[in-house]
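Sharing a structure with you now.
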Amino acid sequence: MPVLVMKFGGTSVANPDRIRRAAKRVGVEVAKGYDVIVIVSAMSGKTNELVGWVNETSPLYDAREYDAVVSSGENVTAGLMALTLQEMDIPARSWQGWQVPVKTTSAHASARIEDIPPANIEAKFAEGMRVAVVAGFQGISPEGRITTLGRGGSDTTAVAFAAAFKAERCDIYTDVDGVYTTDPRISSKARKLDKIAFEEMLELASLGAKVLQTRSVELAMRYKVKLRVLSSFEEQSDDAGTLVCDEEEVMENRPVSGIAYSRDEAKMTLLSVADRPGIAAAIFGPLSEAGINVDMIIQNIAEDGRTDMTFSCPVDQVKRAEKAMENAKESGEINYHNLVADTDVAKVSAVGIGMRSQSGVAATMFKTLSDEGINIKVIATSEIKISVLIDRKYMELAVQALHDAFELEKQA
Ligand code: ASP
Ligand code: MG
């Protein structure tokens, strides 16, 4: 029988009543003849609560125990979902990650899935089980310890199962009815997209759109998993939501498809570093070892053999970045005059595969921001995106103005 993967996010399984609604959706697909793999998140708010308890108990926690604790929310919803389906006379059982097994790396709290042998679940389908309910977000390391995949990781569990079981589709049920041109809470003109290309979704996710974990989009792109984002709160037709697919399937033809933002950025500048071969490596090596997610980088023109180096990173990593730079200075690897952190910045990005062939996007973006009196602090571009760092207080304004400028409220 064809396999379908259905993933339910935290708000869709927030209480027994919501779980019943989600289970009804599963029942509809089972009735169509699918064997269904249901991936569940923890009840909304649960993972945050568990993380809080870990931090309260042990500020310098053992990451293996962190994973043991924070993975537990999904165990509860997996069991409840299986019970609910059984109540509906649908043969179902729950699986924790290690039981499948979902084999991952040992990078606790940000493990990667390496393999999902389908044999155990397939054997149960062969015996007449119709739904395998799997706890998302978790797996088992080569050492036999429980791992988690990073926040939002059950999206990645879902896509990985869809790839491993060659599922017809992977449906991600969430609290929004699809992927929007921007966050509807910021621009009332935001429009739901029927389709979006993998590459665009990948950029939007990594630039701050929170609908899908970035890694899940990477996997879907690599294994050509048909991925759909839709709401679990509405009656759904077969073409509801947003399909994330190959760019050939996307009909819209416009330079920009969406505006993403990330509120919590910081801009750090090393003043007066020696301009010599190897200096960038000497700076960004230690930052990478310290686990800093450096995003944008600019190196200024040198004067008298000294230059300024600016980079951006998430605001909660500033302290660690400062420490890494101080250590590198003390050990003589680098030499700089001063390290200045600007923690009141946000990143706003325009994304679209149409940028590859249509020019003038950057010009429109900069003109729009300048018309609003917004100063650009750092610019970074790729083939299909342009990102700027601006003062955080102008973030909403920038998103709205860019959404208007690129006329994203209109279907192209
Ligand atoms: N429950 C986990 C989290 O909140 C994983 C997920 O829901 O995707 O990050
Ligand atoms: Mg999520």
Side-chain angles (χ1 to χ4, degrees), residues 5-15 18-19 22 37-55 61 63 66-81 94-98 100 102 104 107-113 116 133-140 146-162 170-180 183-185 201-202 204-220 227-233 241-242 244 260 262 264 314 316:
V5 172
M6 302 172 76
K7 182 252 168 178
F8 292 95
T11 47
S12 309
V13 293
N15 55 49
R18 294 264 176 90
I19 293 177
I37 300 176
V38 171
I39 309 293
V40 287
S41 287
M43 291 180 180
S44 56
K46 191 68 205 175
T47 310
N48 285 344
E49 182 182 53
L50 295 168
V51 169
W53 288 347
V54 170
N55 283 318
Y61 52 74
Y66 168 97
D67 278 351
V69 175
V70 304
S71 62
S72 66
E74 274 72 7
N75 298 344
V76 175
T77 44
L80 290 174
M81 176 63 84
S94 70
W95 306 73
Q96 294 184 8
W98 64 272
V100 176
V102 177
T104 74
H108 284 277
S110 58
R112 286 184 162 233
I113 296 177
I116 302 177
V133 185
V134 179
F137 179 52
Q138 50 171 270
I140 184 167
I146 303 299
T147 53
T148 63
L149 309 178
R151 298 307 304 272
S154 48
D155 294 335
T156 300
T157 307
V159 174
F161 270 83
C170 180
D171 285 344
I172 307 277
Y173 284 89
T174 175
D175 50 358
V176 291
D177 59 351
V179 179
Y180 277 71
D183 187 339
R185 287 167 301 185
M201 193 62 237
L202 192 56
L204 288 173
S206 66
L207 291 168
K210 298 217 165 60
V211 238
L212 289 171
Q213 199 196 33
T214 307
R215 176 90 186 114
S216 72
V217 187
E218 262 170 36
L219 276 185
L227 188 60
R228 192 163 68 134
V229 178
L230 69 176
S231 163
S232 62
F233 299 121
T242 300
V244 189
S262 159
D264 301 313
D316 59 2

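On a predicted model such as this, the values are computed, not experimentally measured, just so you know. Atoms within a ligand are numbered from 1 in the order they appear, just like the ligands themselves.
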Does Asp155 use its side chain to pair, donor to acceptor, with the backbone of Ser216 at less than 3.5 Å?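 Checking the backbone N and O of Ser216 against the side chain of Asp155, no donor-acceptor pair under 3.5 Å is found.
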
Any residue meeting ring pair (Phe, Tyr, Trp, His ring centres under 6.0 Å) with Tyr180, in chain and number order, not counting sequence neighbours: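 For Tyr180, no residue satisfies ring pair (Phe, Tyr, Trp, His ring centres under 6.0 Å) once neighbours in sequence are set aside.
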
Count the heavy atoms of every other residue, nucleotide or ligand shown that sit under 6.0 Å from CH2 of Trp95, and state whether that count exceeds 12. yes

Just how far is it from atom CD of Gln213 to atom CD1 of Ile172, taken to the nearest 0.5 Å?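 Result: 10.5 Å between the selected atoms.
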
Glu74 side chain to Phe137 backbone, donor-acceptor under 3.5 Å: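 Not at all, since once roles are kept as given, no pair shorter than 3.5 Å links the two residues.
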
Measuring from atom OG1 of Thr156 to atom CZ of Arg215, what distance do you get when rounded to the nearest 0.5 angstrom?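 Spacing of OG1 (Thr156) from CZ (Arg215) equals 7.0 Å.
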
Can you list, by chain and residue number, every protein residue with a non-hydrogen atom closer than 4.0 Å to ligand 1?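 Within 4.0 Å of ligand 1, the protein residues are Ser41, Ala42, Thr47, Glu74, Phe137, Arg151, Gly152, Gly153, Ser154.
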
